[in-house]
2 protein chains.
Amino acid sequence: MGKLREPLKDMANCGLPAALEVMGERWSFMILRAAFNGLIHFEEFSSELGIARNILSNRLTKLVDHGVLERTPCAADRRKVEYRLTEKGASLLPAMLALRQWGAKYGGIVDPELILVDARDGKPIAPITIRAGDDREIGWHDLAWMHRDELGKKKPDCC
Amino acid sequence: MGKLREPLKDMANCGLPAALEVMGERWSFMILRAAFNGLIHFEEFSSELGIARNILSNRLTKLVDHGVLERTPCAADRRKVEYRLTEKGASLLPAMLALRQWGAKYGGIVDPELILVDARDGKPIAPITIRAGDDREIGWHDLAWMHRDELGKKKPDCC
DNA sequence: TCTATAGGTAGCGATTCGAAACCCATTTTT
DNA sequence: AAAAATGGGTTTCGAATCGCTACCTATAGA
């Protein structure tokens with residue numbers, strides 16, 4: 001039967017510490033955001049983010065080490081370097097947008113000038129939600145933990 | 001017309017710095033996770049997370065100050081205090097799960113013992129995705145920024 | 001009363017951050 | 001070709017933060 005509480009002890013089983021290991025430091029998410037916005041060069045990140053060069057250098061190499069960004073020397077101008085999102089890095093978009101939507105909703109951003117839209121129809125994207133396997137939106141109290149051996153067994157309603 | 005790049009300069013317009021202001025420090029997300037798992041008392045957070053007491057105290061008061069948690073003295077035992085998620089705090093669930101799914105996928109968690117399921121049918125929840133207003137799943141390259149005045153105008157395909 | 005529990009603070013060394021200066025290879029300008 | 005500017009860093013060093021341990025106070029239980 002599924003447990004109501006997840007055992008916090010065994011971190012080995014949880015993706016959150018792993019994610020925070022990579023993205024949990026200061027500036028990491030802002031760098032990611034900048035990368036999604038198309039910035040690729042060191043100086044671009046530096047000037048747009050206003051972050052100290054040593055810290056930026058440190059974060060960029062860490063993100064590269066963890067496979068979020070890919071660092072390639074620029075062929076055209078050999079002084080330059082390109083930092084591009086990998087597939088792994090691009091997969092952080094839902095997390096980043098969810099965080100961002102939350103910050104916008106509760107952080108006092110009432111009438112944003114720019115709105116993120118679907119390019120195909122120019123309409124705003126939906127708030128990011130949690131969905132069951134069949135696409136129903138579900139909330140916190142609809143969730144349960146279940147051992148991998150007993151998937152599919154509906155939990156009793158009682159507890 | 002929508003801009004391809006979001007101006008990073010005006011942070012006032014972006015929810016991400018606001019979100020990171022609240023949740024960007026070390027342990028904040030782990031505390032949130034613990035709260036989602038039903039922990040409510042200081043000693044519970046302390047022992048389960050293994051975090052130093054002064055840091056924990058600092059984070060909890062910060063989360064309370066920002067309205068993520070609500071601190072109420074426990075009526076039954078006046079030594080105790082309860083930290084509970086507010087609606088604002090509970091709204092972080094999609095962001096936390098997205099981050100967590102990402103960490104699990106890429107962080108080498110191959111065969112998790114416990115799986116997050118929909119309590120109604122015992123089936124695993126879906127990966128968190130980005131959706132257009134009409135519920136289509138969309139990806140990074142389908143996104144564009146549009147000024148609030150010109151919503152609904154489809155962008156030309158050319159640029 | 002005596003002890004244990006809950007929720008913190010205080011002190012202090014270790015780590016990390018951040019501003020500024022410096023460095024060196026590669027363009028670009030003159 | 002020489003001089004200057006650019007790109008991507010590293011070094012240094014003071015300031016802030018982290019984290020461990022010890023301590024404190026109010027309440028509850030034995």
Side-chain angles (χ1 to χ4, degrees), chain A residues 8-9 11 16-17 20-35 37-66 68-85 89, chain B residues 8-9 11 16-17 20-35 37-66 68-85 89:
Chain A
L8 292 166
K9 303 275 190 180
M11 296 286 134
L16 193 60
L20 294 174
E21 168 76 24
V22 179
M23 298 302 302
E25 283 171 313
R26 200 159 180 195
W27 294 110
S28 298
F29 260 105
M30 290 302 292
I31 290 171
L32 186 80
R33 167 177 179 262
N37 275 301
L39 304 201
I40 53 179
H41 297 299
F42 188 95
E43 296 293 337
E44 290 179 316
F45 289 103
S46 174
S47 64
E48 293 285 338
L49 261 40
I51 168 177
R53 309 176 66 80
N54 55 347
I55 308 294
L56 177 58
S57 174
N58 185 305
R59 292 300 179 276
L60 285 173
T61 56
K62 182 161 183 179
L63 290 174
V64 169
D65 288 346
H66 282 95
V68 171
L69 297 177
E70 179 189 30
R71 180 190 188 278
T72 50
C74 191
D77 183 341
R78 290 168 54 213
R79 291 171 301 182
K80 293 189 184 177
V81 167
E82 294 183 355
Y83 291 97
R84 294 181 180 284
L85 285 167
Chain B
L8 291 166
K9 302 278 192 180
M11 296 286 136
L16 193 60
L20 293 174
E21 168 77 24
V22 179
M23 298 303 300
E25 281 170 313
R26 199 155 181 198
W27 295 111
S28 297
F29 260 104
M30 291 302 292
I31 291 172
L32 186 79
R33 167 176 178 262
N37 274 301
L39 305 201
I40 53 179
H41 297 298
F42 188 95
E43 296 294 337
E44 289 178 316
F45 289 104
S46 174
S47 63
E48 293 285 338
L49 261 40
I51 169 178
R53 307 175 67 79
N54 55 347
I55 308 294
L56 176 58
S57 174
N58 184 303
R59 292 300 179 278
L60 285 173
T61 55
K62 182 161 182 178
L63 290 174
V64 169
D65 288 347
H66 282 95
V68 171
L69 297 177
E70 179 189 31
R71 180 189 188 279
T72 50
C74 191
D77 183 342
R78 290 170 51 210
R79 292 170 302 181
K80 293 190 183 176
V81 167
E82 294 183 355
Y83 291 96
R84 294 182 179 283
L85 286 167

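Here is how names work: the chains are called A, B, and so on, in the same order as the sequence lines, proteins then strands, and each is numbered from 1. Because only heavy atoms are used, hydrogens play no part in the values below, and waters and symmetry mates are left out as well, while side chains stay in. Computed from a predicted model, the values in this text were never measured in an experiment.
Donor-acceptor pairing under 3.5 Å, judged by distance alone, is present between the side chain of B/Asn54 and the base of C/dG11.
Nearest heavy atoms, B/Gly89 versus B/Leu32: O-CD1, 4.0 Å. Taking each heavy atom of B/Ala35 and B/Phe45 in turn, the nearest pair found is N-CE2, 3.9 Å.
Rounded to whole Å, the distance from CG on A/Asn58 to P on D/dG9 is 12 Å. Between the CG atom of B/Leu39 and the C1' atom of C/dG7 there is a distance of 16 Å, given to the nearest Å. Note: CE (B/Met30) to P (D/dC18) measures 16 Å, nearest angstrom. Between A/Ile51 atom CD1 and D/dG9 atom P the separation is 13 Å, expressed in whole Å. Atom-to-atom, NZ of B/Lys80 to C1' of D/dA28 comes out at 10 Å; the value is rounded to the nearest Å. Atom pair B/Glu82:CD and C/dG8:C1' shows a separation of 17 Å (rounding to whole Å applied). Atoms CZ (A/Phe42) and P (C/dC24) sit 17 Å apart, rounded to a whole Å. Atom-to-atom, CG of B/Leu56 to P of C/dT9 comes out at 11 Å; the value is rounded to the nearest Å.
At the heavy-atom level, B/Phe45 lies nowhere under 4.0 Å from the strands shown.
Minimum atom distance to the side chain of B/Arg53 is reached by C/dG7, of the listed D/dG8, C/dG7, C/dA10. Of all nucleotides listed (D/dC18, C/dT26, D/dG9), C/dT26 comes nearest to the side chain of A/Asp77. Nearest to the side chain of B/Arg78, among C/dT27, C/dG8, D/dA28, sits D/dA28. Nearest to the side chain of B/Arg59, among C/dA10, D/dG8, D/dC18, sits D/dC18. Minimum atom distance to the side chain of A/Arg79 is reached by D/dT6, of the listed C/dG7, D/dT6, C/dA4. The B/Ile55 side chain lies nearest to D/dC18 when the options are D/dC18, D/dT12, D/dG9.
Of the possible polar contacts, none joining the B/Ser57 side chain to the B/Arg53 backbone as a donor-acceptor pair under 3.5 Å is found. Listed for the B/Ser28 side chain is no donor-acceptor partner under 3.5 Å among the backbone atoms of B/Gly24. Formation of a donor-acceptor pair under 3.5 Å by the B/Glu44 side chain with backbone atoms of B/Ile40 is found in this model.
Close to D/dG7, at under 4.0 Å from its OP1 or OP2, lies no side-chain N or O of A/Tyr83. Checking the phosphate oxygens (OP1, OP2) of D/dT10, a side-chain nitrogen or oxygen of A/Ser57 falls inside 4.0 Å. At the phosphate of D/dC18, neither OP1 nor OP2 sits under 4.0 Å from any side-chain N or O atom of B/Trp27. Proximity of B/Arg26 to the phosphate of D/dG19: a side-chain N or O atom is located under 4.0 Å from OP1 or OP2. Here A/His41 reaches the OP1 or OP2 of D/dG8: one of its side-chain N or O atoms lies under 4.0 Å away.
Here the CZ-CG distance, from B/Phe29 to A/Leu20, works out to 7.0 Å after rounding to the nearest 0.5 Å.
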